[in-house]
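Since the model is a prediction, treat every value here as computed from it, not as a measurement. Numbers restart at 1 for each chain; the letters A, B, ... are given by sequence-line order, proteins then strands.
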2 protein chains.
Amino acid sequence: MNPTKTAGGRREQILREAARLFAERGFHGVGVDEIGAAVGISGPGLYRHFAGKDAMLAELLVGISDRLLTAGRMRVAETDDPVAALDALIRGHIDFAIDDRPLITLHDRELDRLRESDRKLVRQLQRQYVEEWVGVVRRVYPRATELEARAAVHAVFGLINSTPHLGARSSVPDRAAMAALLRRLALGALATLDDGLPWTAPRTDR
Amino acid sequence: MNPTKTAGGRREQILREAARLFAERGFHGVGVDEIGAAVGISGPGLYRHFAGKDAMLAELLVGISDRLLTAGRMRVAETDDPVAALDALIRGHIDFAIDDRPLITLHDRELDRLRESDRKLVRQLQRQYVEEWVGVVRRVYPRATELEARAAVHAVFGLINSTPHLGARSSVPDRAAMAALLRRLALGALATLDDGLPWTAPRTDR
DNA sequence: CCCGGATGTTAGCGAGCGTTAACGTGATGA
DNA sequence: TCATCACGTTAACGCTCGCTAACATCCGGG
């Protein structure tokens, strides 16, 4: 048993390439032949590892949602300080967005291509992840309403998940700088939840 | 000539429905028969108004990119105060994201389905729009580097464009509140560009 | 009155794609 | 030695889908 090229490794290799292709050209825009070619086999050979094209997408989306939720819960459970928990959530999500760009892209783009049952499962996992964030945000910023907190959490997801849109150009900051910048931006956005309700326009006199 | 149901009105109606369907199920996930059914005609009748399915997407994406850029330039040109210009850009983008959700969704999701020439045009318009933002941001926050400003602008786009992901549930704030919240979050995120470089972690003692 | 353009309709073609069928091959182990 | 299994291959089927062809209908103007 070769640990680097076992059957499980093959599956993971296929999933990795499929994720990349799906993110690049969309689920319907990628043929099984292309996925096969990306891993050195051709076309229908994939059916020795997966029940079908749909099954690959389902495994990808369920996997990412589950990992996000599990990691999020773990980070929150590790501390009693809500501020530290929020920071940990932000850092974790940023790491994920930077290191698994294709999956993040698929996560909120190809959800509707799933079978009813899988879609429901993914949505449930996503919702629980959001709830984890909302709970922490409301503890850090008790003046924010439930609706505000929820919308703000989604907005921060959009902020962090914007990373893939920058294209892998040379014009992008390196990993550490990018992560630090995204963290600052996310914390700065959420910090406005602490202000009084009639929020003032930015001062012109700086 | 009936101004409400002229030929141009028909085209716009088709474009509106096509945008909605493309945003819901993806470009490849929608058939021409569905688009036709959405406007009361069936299937190939669309070819009296558009050269093909690709042409509809192209017109949608070029249209939205052009409108964003034009409106952005106008707002920036209307004032000499960079802070006011930035606020105007933010407000304008928010209005767009809230009022034209399908188009915003398509804008950064189905770009690769275009012919080379159209894709190049859309990318050019998008780039110019980003440059408009980056220029204003750098005037407001001169301590930010070019790369930081550019990444921050993309992040703010992601933040504002997160609106469609909230689903049209009842659990979403009304238009005015949502717009105000997004504006606060965007301004709060960008405000961190003004801080000293070694950005401090959020204080625990609040 | 009737011509012609605008705007639809249905039937059908041709290509692409996901999937299955049938078959090959090399390693494993009783 | 040979049955078995894991893992691929190619051929082909059936369905969907974008698009075209051919034909209908309404309607305004000479």
Side-chain angles (χ1 to χ4, degrees), chain A residues 1-61 106 110 112-116 118-119, chain B residues 1-61 106 110 112-116 118-119:
Chain A
M1 290 188 188
N2 187 338
T4 67
K5 268 221 169 180
T6 181
R10 189 58 143 176
R11 273 180 67 90
E12 288 170 18
Q13 182 193 14
I14 293 171
L15 285 176
R16 215 169 31 241
E17 295 302 313
R20 185 179 54 82
L21 289 168
F22 288 161
E24 281 174 7
R25 300 209 285 282
F27 179 69
H28 290 296
V30 177
V32 290
D33 291 353
E34 299 180 69
I35 304 175
V39 298
I41 72 182
S42 244
L46 295 169
Y47 287 75
R48 298 287 168 196
H49 304 277
F50 294 92
K53 203 178 137 189
D54 299 341
M56 302 182 205
L57 182 65
E59 196 160 324
L60 284 171
L61 292 187
L106 291 182
E110 308 282 358
D112 326 324
R113 279 61 161 179
L114 258 51
R115 300 199 337 266
E116 171 76 14
D118 291 323
R119 192 171 54 235
Chain B
M1 289 189 188
N2 187 337
T4 67
K5 266 218 167 180
T6 179
R10 190 56 144 176
R11 274 180 66 93
E12 288 171 17
Q13 183 194 14
I14 293 172
L15 285 175
R16 215 170 30 243
E17 295 302 312
R20 185 179 54 82
L21 290 169
F22 289 160
E24 280 174 7
R25 300 209 285 282
F27 179 70
H28 290 296
V30 177
V32 290
D33 290 353
E34 300 180 68
I35 304 175
V39 298
I41 72 182
S42 243
L46 294 171
Y47 287 77
R48 298 287 172 195
H49 303 277
F50 294 93
K53 204 178 137 189
D54 298 341
M56 301 183 205
L57 182 64
E59 196 161 324
L60 284 171
L61 292 187
L106 291 183
E110 308 282 357
D112 325 324
R113 279 61 160 177
L114 257 51
R115 301 200 335 267
E116 171 76 13
D118 290 323
R119 191 170 55 235

CD on A/Glu59 to CD on A/Glu12, rounded to 0.5 Å: 9.5 Å
Pairwise 5' ranking along DNA chain D for A/Gly40 and B/Asp33, keeping only the more 5' one: A/Gly40
Whole-Å distance separating the CD1 atom of A/Ile14 from the C1' atom of D/dG8: 12 Å
For atom CZ of B/Arg10 and atom C1' of C/dG5, their distance in whole Å: 17 Å
Separation of C/dG18 C1' from A/Leu57 CG (nearest whole Å): 15 Å
Listed partners of A/Arg16 passing side-chain contact (heavy atoms from CB on, under 4.5 Å), at least two apart: A/Gln13
Minimum side-chain heavy-atom gap B/Ile14-B/Met56 below 4.5 Å: yes
Straight-line distance of A/Leu15 CG to A/Arg20 CZ, nearest 0.5 Å: 13.0 Å
Between C/dA15 (P) and B/Lys53 (NZ): distance, integer Å: 19 Å
Nearest-nucleotide pick for B/His49, side chain only, options being C/dT7, D/dG18, D/dG8: C/dT7
B/His28 side-chain N/O to C/dC17 phosphate OP1/OP2 under 4.0 Å: no
Partner set under side-chain contact (heavy atoms from CB on, under 4.5 Å) for B/Val30, not counting sequence neighbours: B/Leu21, B/Phe22, B/Arg25, B/Glu34, B/Ile35
A/Ile41 vs A/Arg48, side-chain contact (heavy atoms from CB on, under 4.5 Å): CA-CA, chis, key distance, verdict: CA-CA 11 Å; A/Ile41 72 182; A/Arg48 298 287 168 196; over 6 Å; no
What does the list of N/O pairs under 3.5 Å between the protein and nucleotides 10-16 of chain D look like, with a distance for each?
none

Sugar-phosphate only, base, or nothing, as touched by A/Val30 at under 4.0 Å among non-hydrogen atoms: sugar-phosphate
5' precedence on DNA chain D between B/Arg48 and B/Gly52 (nearest-nucleotide basis): B/Gly52
B/Asp54 CG - D/dC19 C1' separation (whole Å): 11 Å
Nearest-Å distance for atom pair OH/P, residues B/Tyr47 and D/dC17: 13 Å
Whole angstrom value for the distance that separates P of C/dC17 from CD1 of A/Ile35: 12 Å
Gap between atoms CG and P, on B/Leu21 and D/dG18 respectively (whole Å): 12 Å
B/His28/A/Phe27 under side-chain contact (heavy atoms from CB on, under 4.5 Å): CA gap, chis, key distance, verdict: CA-CA 9 Å; B/His28 290 296; A/Phe27 179 69; over 6 Å; no
